[in-house]
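For reference, the structure is listed below as structure tokens.
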Amino acid sequence: MFKFKTKSAVPGTVAILAVIVPILFLASCSTPTEEVIGNSGSLRWQQNCNRCHNFRDPGSLSDSQWVVAMRHMQIRGGLTTDEHDEILQFLQAGN
């Protein structure tokens with residue numbers, strides 16, 4: 001009986017997949033980017049202000065007017081200092 005020696009592609013394919021699959025998985029995982037981190041004020045606005053207010057163009061008030069409006073809304077809306085500061089920075093960045 002003759003035995004034919006053939007090379008199987010399976011071990012090589014498995015080895016390649018063992019390297020490629022984890023790389024593809026890690027590449028697809030989302031990590032916080034500067035854009036997401038920088039949008040914390042936007043997120044805070046959506047979580048707090050959006051309940052009562054439609055979005056307003058941040059350029060509709062000057063920086064000093066936003067300070068007054070946000071101080072009022074911090075008290076009225078029960079915002080923490082961090083929430084207030086992040087929302088204020090977000091609104092002033094639109095000017």
Side-chain angles (χ1 to χ4, degrees):
M1 185 180 271
F2 290 98
K3 288 189 174 182
F4 293 100
K5 292 187 178 184
T6 59
K7 290 187 176 182
S8 175
V10 174
T13 304
V14 171
I16 291 171
L17 289 175
V19 172
I20 292 175
V21 170
I23 292 171
L24 293 174
F25 174 76
L26 291 174
S28 69
C29 293
S30 61
T31 57
T33 60
E34 287 181 18
E35 181 179 320
V36 173
I37 294 168
N39 286 333
S40 62
S42 171
L43 180 61
R44 297 279 193 178
W45 187 91
Q46 292 171 17
Q47 293 170 339
N48 294 286
C49 312
N50 194 34
R51 289 182 269 171
C52 302
H53 300 283
N54 291 327
F55 185 73
R56 176 180 206 166
D57 178 23
S60 64
L61 296 177
S62 68
D63 286 351
S64 60
Q65 290 171 321
W66 278 122
V67 170
V68 173
M70 282 304 303
R71 179 60 61 198
H72 172 75
M73 291 313 302
Q74 180 180 10
I75 295 165
R76 180 126 170 112
L79 300 174
T80 66
T81 302
D82 288 340
E83 290 170 333
H84 167 272
D85 293 346
E86 289 175 4
I87 294 169
L88 180 61
Q89 287 175 356
F90 164 66
L91 293 170
Q92 288 178 333
N95 285 338

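For clarity, every value in this text was computed on a predicted model and none was experimentally measured.
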Scan residues 64-85 for pairs that pass salt bridge (charged side-chain N to carboxylate O under 4.0 Å, His left out), counting only residues two or more places apart or in two chains.
->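 Counting only pairs at least two positions apart or across chains, the salt bridge (charged side-chain N to carboxylate O under 4.0 Å, His left out) contacts touching residues 64-85 are Arg44-Glu83.
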Would you mind reporting whether Leu79 and Met70 have side-chain heavy atoms less than 4.5 Å apart?
-> yes
Only counting residues at least two apart or in another chain, list the ones meeting side chain to side chain donor-acceptor pair (under 3.5 Å) with [X].
X: Gln89; answer: none
X: Thr81; answer: none
X: Asn50; answer: none

Drop me the distance from Glu86's CD to Ser42's OG, to the nearest 0.5 angstrom.
-> 11.0 Å
Please name the pair of heavy atoms, one in Pro58 and one in Gly94, separated by the smallest distance, quoted to 0.1 Å.
->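 That would be CB-CA, 3.7 Å.
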Trp45: partners by ring pair (Phe, Tyr, Trp, His ring centres under 6.0 Å), with sequence neighbours left out =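 Here the qualifying residues are Phe55.
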Under the ring pair (Phe, Tyr, Trp, His ring centres under 6.0 Å) rule, what pairs show up with a residue in residues 60-95, not counting sequence neighbours?
->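 Pairs touching residues 60-95 that pass the test: none.
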Can Val67 be reached from Ile87 by stepping across I, L, V, M, F, W or Y side chains whose heavy atoms are under 4.5 Å apart?
-> yes
